[in-house]
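Below is one structure, written out as structure tokens; the observations come after it.
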Amino acid sequence: MGKQYSWSKDIQSTAILDCSRRLRFNDRNKQFWFDLIGVKDGMRVLEVGCGSGHFLQMLKKNFDIEAYGVDLDAGHIEYAKQSASQNGLDINFQVADIRDLPFDDNFFDVVYSYTVVEHLPFNDFITDQTRILKAGGRVVMMTVEAKQQAASEYDYMDEEIYAYFDGVVIDKPDNIGIYSPKPKDKLLGLNKYDFDNIKVEFKNLLYYCPDNYFDDVEFGLFEIDMARLSTIADAEFVLSHSTKDTKEADLCACVGNINKKFEKRKELFLSKTQVCDYQTTAVCAISGTKK
Ligand SMILES: C[S@@+](CC[C@H](N)C(=O)[O-])C[C@H]1O[C@@H](n2cnc3c(N)ncnc32)[C@H](O)[C@@H]1O
């Protein structure tokens with residue numbers, strides 16, 4: 001990835017990832033995710049680019065698996081280790097690069113990722129995952145997609161179109177995320193790398209909608225609180241990275257307002273007033289089994 005950067009310091013803090021993921025991967029929608037990953041008891045499972053490790057915690061709570069998580073970012077891994085241990089979950093987290101994974105050949109039954117494939121050239125992303133998967137093992141790459149993307153013969157002119165993205169410098173470290181607009185690489189790439197049973201799934205998930213939980217007050221309040229923490233984490237990150245000379249007082253005021261907003265939201269929820277606020281995500285999961 002060229003220039004060195006720290007994901008948690010330069011792009012997305014661990015707090016942002018963790019709050020947003022606790023909202024997105026939870027007890028009420030876990031089956032949505034389990035269906036995409038295809039994990040079963042007894043498997044050895046690795047998440048690459050695992051961030052704060054919340055997805056792995058959800059798997060480990062529900063399946064009898066040997067669980068591993070790697071991320072290049074030491075801050076994320078430190079957090080992931082502490083959080084799993086506080087929750088009494090035995091998960092092997094370590095700092096490692098997807099391009100040089102510290103595992104034996106043919107070791108894992110499942111290797112999966114969530115919003116990582118778009119940050120590396122596909123060859124760099126998949127080569128070492130292929131090596132450490134057992135024959136018959138499954139790779140699952142999940143990305144968040146705004147719309148369905150064309151592949152195969154429908155990628156007419158894509159080369160030319162996406163050539164314009166090559167070398168584009170965006171105002172973030174190391175062109176994060178620029179590898180996503182190449183449908184052919186992601187959708188058809190796997191068959192060049194020793195995989196078959198290649199499958200593309202596309203699912204929508206509603207992951208925040210407190211109005212739906214007037215009958216489950218605890219869950220509705222959980223959603224509101226996660227949204228609050230996530231908004232605060234975002235604000236802290238943005239303000240601390242702003243080129244403006246942001247004062248501690250500005251941040252306090254901003255966080256104060258966010259808290260007020262969500263206190264009001266709680267009141268409305270508890271009085272069963274419809275607000276109709278919601279958040280959704282679309283997930284594209286591309287999977288295949290190693291030949
Ligand atoms: C958008 S975040 C997603 C994190 C996590 N999957 C989640 O959804 O919370 C992308 C993650 O990929 C990690 N990453 C990027 N390049 C990597 C590499 N070459 N090796 C390992 N991890 C990498 C980043 O450090 C970051 O944690």
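Remember, it's 1-based here, ligands and their atoms both numbered in the order they're listed. Counting from 1, the numbers follow the sequence of the chain as shown.
When only modelled atom types and interatomic distance are considered, E47 and S113 share no side-chain donor-acceptor pair under 3.5 Å. For the 3.5 Å distance criterion, the side chains of Y79 and D18 qualify, holding a donor opposite an acceptor.
Selection from S20, G49, G51 by nearest heavy atom to atom 6 (N) of ligand 1 gives G49.
Aromatic ring centres of Y213 and F269: separated by at least 6.0 Å. With ring centers used as reference points, F34 lies under 6.0 Å from F63.
Scanning for salt bridge (charged side-chain N to carboxylate O under 4.0 Å, His left out) contacts around D234 gives an empty result, with sequence neighbours left out. Evaluation of the side-chain contact (heavy atoms from CB on, under 4.5 Å) rule for K199 yields E201, S287 as partners, not counting sequence neighbours.
With a heavy-atom cut-off of 4.0 Å, V70 does not touch ligand 1 at all. Both the backbone and the side chain of Y114 come within contact range of ligand 1, each with a heavy atom under 4.0 Å. Proximity of A96 to ligand 1, defined as any heavy-atom pair under 4.0 Å, is confined to the backbone N, CA, C and O atoms. Contact annotation: for H54 versus ligand 1, there are no heavy atoms closer than 4.0 Å.
Short contacts between ligand 1 and D73, defined as distances under 4.0 Å to a heavy atom of the residue, involve ligand atoms 25 (O). Close approach of ligand 1 to E47 is summarised as follows: ligand atoms under 4.0 Å from at least one heavy atom of the residue are 6 (N). Near D97, meaning under 4.0 Å from one of its heavy atoms, ligand 1 places the atoms 18 (C), 19 (N), 20 (N).
Between I98 and ligand 1, an N or O atom pair is found at a separation short of 3.5 Å.
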